[in-house]
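Order of the sequence lines sets the chain letters (A, B, ...), proteins ahead of strands, with each chain counted from 1.
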Amino acid sequence: MKVLEELRKQRVQEIEELRRAGVEPYPYKFDKTHSTADIKRLFDEKLGAGEILEEEKVSTAGRVMSIRDHGKSAFFHIKDQEGRLQIYIRKNAVGNEKYQLFKKYVNVGDIVGVKGFPFKSKTGELTIFVEDFQILSKAVRPLPEKWHGLKDKEIIYRQRYVDMIANDESLERFKLRYKVIRLMREFLNERGFVEVETPTLVYVTGGAEARPFVTHLNVFDIDMYLRIATELYLKRYIVGGFEKVYEIGKVFRNEGISYKHSPEFTSMELYWAYADYNDIMELTEDLISFIVKEIFGTTKVIYQGTEIDFSKPFRRVRMRDFILEKLGVDIVEDSDEKMLSVLKKQGVDVPIKSRGHLINKLWDLVEDQVVQPTFLLDHPVDISPLAKRHREDPRLTERFELIVFGREIANAFSELNDPVDQYQRFLEQVKLREAGDEEAHMMDKDFVRALEYGMPPTGGLGIGIDRLVMFLTDSPTIRDVIAFPLVNPKSLEEEIEYEEEVEEK
RNA sequence: GGGCCGUUAGCUCAACUGGUAGAGCACCUGAUUCUUAAUCAGGGGGCUGCAGGUUCGAGUCCUGCACGGCCCA
């Protein structure tokens, strides 16, 4: 700690020195005309090694990532949102005063602005020859090691900004995440879907099986919940007359953290009036293959060493058939006792012995066997309280989940729009709740009332954006695609206390 | 919640069966006008996560706690 403390004091002292010399280390604005990518795009092909383009003036800025000082000149690299670029500063070009300013006061980690022209070094690297430069922000803390980057997972997750500075692939990963979201919007807007919003604070939760976060609303003195899904409000839009809606937003589930679960994550849900789950299936294939192709130029990605092909059509397999094939048990015809005995043989403990839980546990046993993008079809009614009964078998529903690498990426149904059936399904859920299943649905009477006014036949879809992005960025855990994941705040508090002690000294 | 592994300088990592805690990067001083993990010479920097215990002696062995990672629930 002492080392860091001394280094920070040294930097703070330098900042005071700069101010005394009339140099503001935190100026207000810099006129950045070119990003590092602009410069590469404009000049990389035009220049051969050793060539210069003195009349092409550019102004760029970024964080200093490395410095190679040669006495009366120096090379350094800056990093901006688009990448890294080499800069060359020479005493006889910027004048003694500016050069001394650079040499004495610019460190790795500082943010600087440079004006000059492009050239290519002897070794062929595109470089900016500095005619003028300015400190834009002095860093007080040192950067992690330039060669090995930042590896400490704790710092990576707790101080993502440091991770993004030190590890270029981290910044790129989040850029890709937001490109996925942008492409998703483009695709849906293009097809006439309207982006809408629904409440985050809700009186009753629904739309998923999950324990909610509880909070308190002072004005009515009632407990409220953070939404666990956007489904039930989006369907109210359909009742109200919207025909194609979607929402991209955070949902909250008060459950464990794992490589594929985060208590706070981002979903995209859409609802399409007059469509059924077959239409939604096609839409899902189109949407995902479009995104993958736009990003990579191909539908194939490598995830953790396995090639995954997102080209359409995706494989379709009935949940009933798949479990029957793998485990020899029929989740529609066989008794609860039969299913329980299969589970026991596999050493699976079932705390709540409802038929729905038994089916879910059976699926858990075999889900890993689905690797390539697959639509798992026609789930039993017991595990699908919001889906319409299958037109060919009322014990099943018209539902699919998109499974990739054993993970659920999307969930969709022909939406249940029969208010009487929906009410009965809620009653079943309430029974489970009373039996101790905290993840079962709550009775949502207003939602039933909405259905009583009439909802057109509707297809709906939910996609877990974080999980999708994991596949596209080859991320082993969901925390890698959430910029600021949930961390235990305890040690963070200690760090802040230490900071306060320093300030007092 | 359970099991296993980890925590050493700002960062990345060493330190044999217990015997004076080291290197590289970063930082400071000096040299250096095409370097790119620049180079060369010199310098400062450690409550070995925290608290106990065993021992002549603990980074190293034992116990507890904190935080993290992986696996399981």
Side-chain angles (χ1 to χ4, degrees), chain A residues 1-14 17 47-52 64-79 84-94 96 99 102-110 118-130 138-159 162-163 165-167 255-261 304 343 346-352 357 360-361 364-365 368 476-477 479-480 485-495 497-499 502:
Chain A
M1 282 300 156
K2 214 173 179 183
V3 181
L4 178 61
E5 212 175 305
E6 270 167 20
L7 209 103
R8 292 176 68 229
K9 270 182 192 158
Q10 196 176 303
R11 292 277 175 269
V12 170
Q13 225 162 51
E14 285 171 6
E17 281 174 37
L47 284 162
E51 292 178 354
I52 62 170
V64 176
M65 300 305 292
S66 61
I67 300 175
R68 293 172 294 284
D69 179 8
H70 287 263
K72 293 184 182 66
S73 75
F75 285 92
F76 58 101
H77 274 92
I78 60 167
K79 174 181 175 178
R84 295 184 185 223
L85 183 67
Q86 182 167 261
I87 312 291
Y88 181 55
I89 185 166
R90 189 190 277 180
K91 187 176 173 178
N92 64 2
V94 294
N96 188 49
Y99 193 75
F102 172 82
K103 211 173 160 168
K104 192 162 185 342
Y105 292 106
V106 174
N107 296 101
V108 170
D110 293 350
F119 76 103
K120 257 194 184 164
S121 68
K122 275 200 283 199
T123 51
E125 181 168 349
L126 181 64
T127 308
I128 296 303
F129 189 102
V130 178
K138 272 296 291 174
V140 169
R141 285 177 188 262
L143 252 40
E145 220 259 358
K146 65 182 175 186
W147 184 242
H148 299 94
L150 178 65
K151 292 191 173 174
D152 186 328
K153 285 264 171 47
E154 193 159 355
I155 303 176
I156 284 173
Y157 293 134
R158 286 180 192 278
Q159 297 175 252
V162 181
D163 175 40
I165 292 168
N167 301 325
E255 291 169 348
I257 300 176
S258 80
Y259 69 95
K260 56 182 177 181
H261 294 97
Q304 304 294 295
L343 285 165
Q346 300 278 339
V348 178
D349 181 42
V350 190
I352 302 167
H357 280 87
N360 280 328
K361 289 285 181 189
D364 288 346
L365 287 174
D368 282 350
T477 90
R479 302 184 111 195
D480 292 331
L486 210 71
V487 289
N488 187 328
K490 281 175 190 166
S491 63
L492 205 68
E493 278 165 17
E494 282 166 19
E495 178 79 6
E497 277 167 25
Y498 151 73
E499 292 302 326
V502 170

- Query: So, does K79(A) use its side chain to make a donor-acceptor pair with the main chain of I165(A) at under 3.5 Å?
  - Reply: yes
- Message: Can you check the distance between rG44(B) and rA26(B), where both ends of the measurement are the C1' atom (answer in whole Å)?
- Response: 13 Å
- Item | Minimum-distance nucleotide to P142(A) side chain [options: rA38(B), rA26(B), rC67(B)] | rA26(B)
- Looking at every strand, decide which applies to K72(A) at a 4.0 Å heavy-atom threshold: base, sugar-phosphate, or nothing. base
- Checking rC11(B), rA38(B), rC34(B) against the side chain of I155(A) (C-beta onward), the nearest is rC11(B)
- Base, sugar-phosphate alone, or nothing: which one does Y88(A) contact when heavy atoms must sit under 4.0 Å apart? base
- Item | Interatomic distance, F102(A) CZ vs rU33(B) P [rounded to whole Å] | 15 Å
- Item | Nearest-Å distance for atom pair CD/P, residues E6(A) and rG10(B) | 10 Å
- Please name the residue in the list F75(A), Y99(A), F129(A) that meets the side-chain contact (heavy atoms from CB on, under 4.5 Å) test with I89(A). Y99(A)
- Query: Quick check: does any side chain N or O of Q159(A) sit under 3.5 Å from a backbone N or O of V162(A), one acting as donor and the other as acceptor?
  - Reply: no
- Query: Base, sugar-phosphate, or nothing for K103(A), non-hydrogen atoms under 4.0 angstrom?
  - Reply: base
- Base, sugar-phosphate alone, or nothing: which one does T477(A) contact when heavy atoms must sit under 4.0 Å apart? sugar-phosphate
- Task: Could you please name the partner base of rU48(B), counting Watson-Crick and G-U wobble pairs only when both distances are under 3.5 Å?
- Result: none
- Can you tell me, in whole Å, how much space there is between the P of rG1(B) and that of rA58(B)? 35 Å
- Message: Tell me whether the side-chain N or O atoms of N92(A) pair up with the base of rU33(B) as donor and acceptor below 3.5 Å, since no angle test is needed here.
- Response: yes
- Could you work out the separation of rU60(B) and rU48(B) based on their P atoms and round it to a whole Å? 10 Å
- Message: What's Q10(A) touching, base or sugar-phosphate or nothing? Going by heavy atoms closer than 4.0 Å.
- Response: sugar-phosphate
- Task: Determine which nucleotide pairs with rU29(B), using a 3.5 Å limit on both distances of a Watson-Crick or G-U wobble pair.
- Result: rA41(B)
- Query: Is it true that E125(A) and K120(A) make a salt bridge, defined as a side-chain N closer than 4.0 Å to a carboxylate O?
  - Reply: no
- Message: Nearest to the side chain of K151(A), heavy atoms from C-beta on, is which of rC13(B), rC28(B), rC34(B)?
- Response: rC13(B)
- Rounded distance (Å) that lies between atom P of rG10(B) and atom CD1 of I165(A): 18 Å
- Query: Base, sugar-phosphate alone, or nothing: which one does R11(A) contact when heavy atoms must sit under 4.0 Å apart?
  - Reply: sugar-phosphate
- Taking a pair as Watson-Crick or G-U wobble with both distances under 3.5 Å, which nucleotide is matched to rU20(B)? none
- Separation of rG44(B) atom C1' from K9(A) atom NZ, nearest Å, is 15 Å
- Could you please name the partner base of rG1(B), counting Watson-Crick and G-U wobble pairs only when both distances are under 3.5 Å? rC72(B)
- Task: Scan F129(A) against the nucleic acid and name what it touches under 4.0 Å (heavy atoms): base, sugar-phosphate only, or nothing.
- Result: nothing
- If the C1' atom of rA9(B) is compared with that of rA14(B), how far apart are they to the nearest Å? 13 Å
- Message: If you go through the side-chain atoms of E154(A), does one of them form a donor-acceptor pair with the base of rU7(B) closer than 3.5 Å?
- Response: no
- Query: Under 4.0 Å: is that the gap between some side-chain N or O of K146(A) and OP1 or OP2 of rC11(B)?
  - Reply: no
- Between R8(A) and E5(A), is there a salt bridge with N-O shorter than 4.0 Å? no
- Query: Across all strands, who's sitting opposite rA14(B) as a Watson-Crick or G-U wobble pair, both distances under 3.5 Å?
  - Reply: none
- Task: Determine which nucleotide pairs with rA58(B), using a 3.5 Å limit on both distances of a Watson-Crick or G-U wobble pair.
- Result: none
- Item | Nucleotide nearest R158(A) (side chain, heavy atoms from C-beta), chosen from rG68(B), rC11(B), rU35(B) | rG68(B)
- Note on the structure: By nearest-heavy-atom nucleotide on RNA chain B, the more 5' of Y157(A) and P144(A) is P144(A)
- Distance, rounded to the nearest Å, where F76(A) contributes CZ and rA26(B) contributes P: 16 Å
- Note on the structure: The Watson-Crick or G-U wobble partner of rA9(B), with both key distances under 3.5 Å, is none
- Between rU12(B) and rC71(B), how far is it from one C1' atom to the other, in whole Å? 27 Å
- Message: Between rC16(B) and rG49(B), how many Å separate the two P atoms, rounded to a whole number?
- Response: 15 Å
- Item | Of the listed nucleotides rU12(B), rU35(B), rG68(B), the one nearest the side chain of K153(A) | rG68(B)
- Item | Atom pair distance, as rounded to whole Å: CG in N107(A) and P in rC25(B) | 16 Å
- Query: Can you tell me how far P of rC71(B) sits from CD1 of I257(A), to the nearest Å?
  - Reply: 14 Å
- Item | E145(A) side chain, from C-beta outward: closest of rU12(B), rC34(B), rG69(B) | rU12(B)
- Query: If you find the nucleotide of RNA chain B closest to Q86(A) and the one closest to V108(A), which residue's nucleotide is nearer the 5' end?
  - Reply: V108(A)
- Query: Given rU35(B), is OP1 or OP2 found less than 4.0 Å from the side-chain N or O atoms of R68(A)?
  - Reply: no
- From rU32(B), rA37(B), rG68(B), pick the nucleotide closest to the side chain of W147(A)? rA37(B)
- Item | Rounded distance in Å between the P positions of rC13(B) and rC72(B) | 25 Å
- Item | Euclidean distance, atom NE2 of residue H148(A) to atom C1' of rU12(B) [Å, nearest integer] | 5 Å
- Task: Run the numbers on D163(A) and Y157(A) for side-chain hydrogen bond (donor to acceptor under 3.5 Å, both in side chains), then give the verdict.
- Result: CA-CA 8 Å; D163(A) 175 40; Y157(A) 293 134; over 6 Å; no
- Work out which heavy atom in L143(A) is nearest to a heavy atom in V64(A); give both atom names and the distance. CD2-O, 4.3 Å
- Message: Classify G149(A) by what it touches in the nucleic acid, base, sugar-phosphate, or nothing, heavy-atom distance under 4.0 Å.
- Response: sugar-phosphate
- If you look at every strand shown and take non-hydrogen atoms under 4.0 Å, does D152(A) touch a base, only sugar-phosphate, or nothing? sugar-phosphate
- Using modelled atom types only, decide if a donor and an acceptor are shared between the side chain of D110(A) and the backbone of A139(A) within a distance under 3.5 Å. yes
- Task: Mark yes or no for whether K103(A), through its side chain, and G71(A), through its backbone, hold a donor-acceptor pair below 3.5 Å.
- Result: yes
- Could you work out the separation of rG64(B) and rG42(B) based on their P atoms and round it to a whole Å? 49 Å
